[in-house]
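Accompanying notes for the structure given below.
Any value given below was found using the heavy atoms of this structure, including those in side chains, with hydrogens, waters and symmetry copies removed.
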Amino acid sequence: MSEKSGGYEGEIRTARPEDLVEIYAMVTELAAYHEALHELRATEEEIGDALFGEDAMACAYLARTPQGATAGFALWYRNFSTWRGRPGIYLEDLYVRPAFRGGGHGKALLAALARTCVERGYERLEWSVLDSNTSTVAFYESMGAHPHTGWTEFRLTGESLRQLGS
């Protein structure tokens, strides 16, 4: 896949196993950006297994500059809507390195995900963003995305998850 439309000069491509070190570095950078490095427990090996292992459950696209630098990534997986009876894509992480922001990489990554949905007949592309991250919310809204109001995301982790699962 190569994304060169809309004036974007870079390249969007599917991640390969040899990209793992760089992907994990960007996962770490993203955690640091959100001041949540202390919450990052995934190892490079675990990310590699999720993306490239025998039972891979996620995919990633990389944004690369014309000079070959990795500008950012989108890590995603397929989900399913019982109401629509169709799969979709859940975007787990979208990250563009600070030095490359404003260069169209984030929009190109989202366009590649949208194209994947259209080509495969998926019904939706969805993700979460912190309400306090107003610049990112504005970026998404500028492309026609809108918040899914009326829904609150819930999550079970740690001891609560263990207790309920016991």
Salt-bridge contact [X]-[Y] (side-chain N to carboxylate O under 4.0 Å):
X: E153; Y: R155; value: yes
X: R13; Y: D19; value: yes
X: E22; Y: R97; value: yes

Side-chain contact, heavy-atom cut-off 4.5 Å: [X] with [Y]?
X: S128; Y: Y90; answer: yes
X: M26; Y: L62; answer: yes
X: E92; Y: W76; answer: no
X: N133; Y: H34; answer: yes
X: I89; Y: E126; answer: no
X: F73; Y: V27; answer: yes
X: T152; Y: F154; answer: yes
X: P147; Y: E141; answer: yes

Atom [atom1] in [X], atom [atom2] in [Y]: separation rounded to 0.5 Å?
X: W127; Y: H148; atom1: CH2; atom2: NE2; result: 12.5 Å
X: M57; Y: R78; atom1: CE; atom2: CZ; result: 14.0 Å
X: L75; Y: I47; atom1: CG; atom2: CD1; result: 6.5 Å
X: T28; Y: L37; atom1: OG1; atom2: CG; result: 6.5 Å

Taking every non-hydrogen atom, the tightest pair across [X] and [Y]:
X: L125; Y: A114; result: CD2-N, 4.0 Å
X: T65; Y: A71; result: CG2-CB, 4.2 Å
X: R162; Y: S166; result: O-OG, 2.6 Å
X: T134; Y: D131; result: CG2-O, 3.9 Å
X: P66; Y: G10; result: CD-CA, 4.1 Å
X: A56; Y: L51; result: CB-O, 3.6 Å

[X]-[Y] co-clustered via ILVMFWY side chain contacts under 4.5 Å:
X: Y95; Y: L40; result: yes
X: Y77; Y: L30; result: no
X: F80; Y: Y122; result: no

H105 side chain to Y8 side chain, donor-acceptor N/O pair below 3.5 angstrom
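Side chains of H105 and Y8: pair found under 3.5 Å.
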Would you tell me whether T43 and Y24 have side-chain atoms, one donor and one acceptor, within less than 3.5 Å of each other?
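Result is no, nothing qualifies.
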Donor-acceptor contact present, side-chain [X] to main-chain [Y], <3.5 Å:
X: N79; Y: G88; result: yes
X: T70; Y: G72; result: no
X: S81; Y: G85; result: no
X: R101; Y: V96; result: yes

Step through the shown structure and confirm whether more than 12 heavy atoms of other residues, nucleotides or ligands are within 6.0 Å of CD on E35.
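No.
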Hey, is NE2 on H38 packed in by over 12 heavy atoms from elsewhere, all under 6.0 Å?
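Enclosed.
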Among L110, L94, T116, exactly one meets side-chain contact (heavy atoms from CB on, under 4.5 Å) together with Y61. Which residue is that?
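Of the listed options, the one satisfying the test is T116.
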